[in-house]
Amino acid sequence: MSATPPVTTELIHRLVPFSKFLEVTFSTLTTDRVVAQLPARGELATIGAGVHGGAQMALADIAAAVMAVLAGGDPTAAPATMQSSTNFLRPARGDLTATATVERAGRSTVIDVTITDEHDSVTALVRQIVQVRPSRQTSGPR
Ligand SMILES: CC(C)(COP(=O)(O)OP(=O)(O)OC[C@H]1O[C@@H](n2cnc3c(N)ncnc32)[C@H](O)[C@@H]1OP(=O)(O)O)[C@@H](O)C(=O)NCCC(=O)NCCSC(=O)Cc1ccccc1
């Protein structure tokens, strides 16, 4: 019987290559809170030099999916985002931090994500509905 590996940034990068592409790292990975960082490199900018909304949504989606899996108690499970709702409150400047918490656990898990920027200003509030299912291994997006 193989032991379940601890959930780390490196493991998430291996399971979700998109998170590695975005250079997302995780400073907190617990059953009730996930905190993820997105470095604001130039390619993520939008008009006006803030961080593009799609990059913020991707950060939130990654953090919410990891949160749902950890809350479910089976780190080998696969998250499936069913719904995502984002409100952008102000332009995002510099490196971003996403804090994900569980609003409601169940067959469909409700995750709230707050994104803050380098000024500690809240730039976006995101609510995600995520289903967590037993993993079905695939080799990539194609
Ligand atoms: C402007 C509004 C939508 C509405 O604001 P209102 O209800 O009228 O309220 P209020 O006027 O109080 O302003 C609130 C806060 O906003 C700030 N601010 C306002 N105007 C400006 C300005 N001109 N420049 C700089 N900052 C401005 C303002 O200082 C205040 O901040 P504070 O509280 O003092 O710290 C605001 O909520 C907002 O900017 N949200 C973020 C939108 C966002 O970043 N979306 C994602 C990226 S878009 C994308 O990537 C898609 C795309 C695809 C393809 C191509 C291109 C793009």
Side-chain angles (χ1 to χ4, degrees), residues 3-142:
T4 305
V7 178
T8 60
T9 294
E10 291 69 29
L11 178 66
I12 295 165
H13 283 180
R14 193 146 43 81
L15 294 172
V16 187
F18 185 49
S19 67
K20 185 176 183 182
F21 173 77
L22 289 174
E23 302 175 355
V24 172
T25 58
F26 295 84
S27 55
T28 301
L29 287 162
T30 66
T31 55
D32 58 8
R33 182 176 295 264
V34 166
V35 182
Q37 292 76 32
L38 175 71
R41 63 181 200 257
E43 294 90 336
L44 303 184
T46 187
I47 292 172
V51 180
H52 191 276
Q56 296 186 61
M57 293 165 86
L59 171 65
D61 189 40
I62 291 166
V66 173
M67 179 73 267
V69 169
L70 291 176
D74 175 8
T76 68
T81 305
M82 296 174 65
Q83 193 177 339
S84 180
S85 166
T86 302
N87 289 286
F88 295 110
L89 305 188
R90 58 178 57 82
R93 304 292 180 197
D95 297 345
L96 302 186
T97 300
T99 302
T101 54
V102 180
E103 173 61 28
R104 177 184 174 277
R107 278 182 299 181
S108 297
T109 302
V110 181
I111 307 289
D112 284 333
V113 184
T114 301
I115 297 182
T116 55
D117 68 6
E118 67 180 15
H119 303 295
D120 276 339
S121 296
V122 176
T123 65
L125 297 174
V126 183
R127 172 161 285 186
Q128 301 245 144
I129 315 294
V130 183
Q131 274 201 2
V132 180
R133 297 158 172 265
S135 178
R136 258 197 315 206
Q137 286 296 329
T138 59
S139 57
R142 273 184 262 247

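Ligands are counted one by one from 1 in listed order, and the atoms in each one are counted from 1 as well. By convention here, the first residue in the shown sequence is residue 1.
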For T123 and Q56, does a side-chain donor sit closer than 3.5 Å to a side-chain acceptor? yes
Mind checking whether V51 has an N or O less than 3.5 Å away from an N or O of ligand 1? no
Carboxylate-amine/guanidinium proximity below 4.0 Å for R93 and D117: no
Quick one: are Q131 and T109 in side-chain contact, heavy atoms under 4.5 Å? no
Best match, H119, Q56, H52, R90: closest heavy atom to atom 35 (O) of ligand 1: R90
Is there at least one protein heavy-atom neighbour under 4.0 Å from atom 16 (O) of ligand 1? yes
For the pair D95 (side chain) and A40 (backbone), establish whether a donor and an acceptor sit closer than 3.5 Å, ignoring hydrogens and angles. yes
Pull out every atom of ligand 1 sitting under 4.0 Å from any heavy atom of T46, numbered as shown with elements. 49 (C), 50 (O), 52 (C), 56 (C), 57 (C)
Shortest heavy-atom approach to atom 26 (N) of ligand 1 - which of A55, P91, A92, G54: P91
Side chains of S84 and Q128: is there a donor and an acceptor less than 3.5 Å apart? yes
Please work out, at 4.0 Å between heavy atoms, whether the side chain, the backbone, both, or neither of T123 comes within that distance of ligand 1. neither
Below 3.5 Å, N or O to N or O, backbone or side chain included: is there any such pair between R93 and ligand 1? no
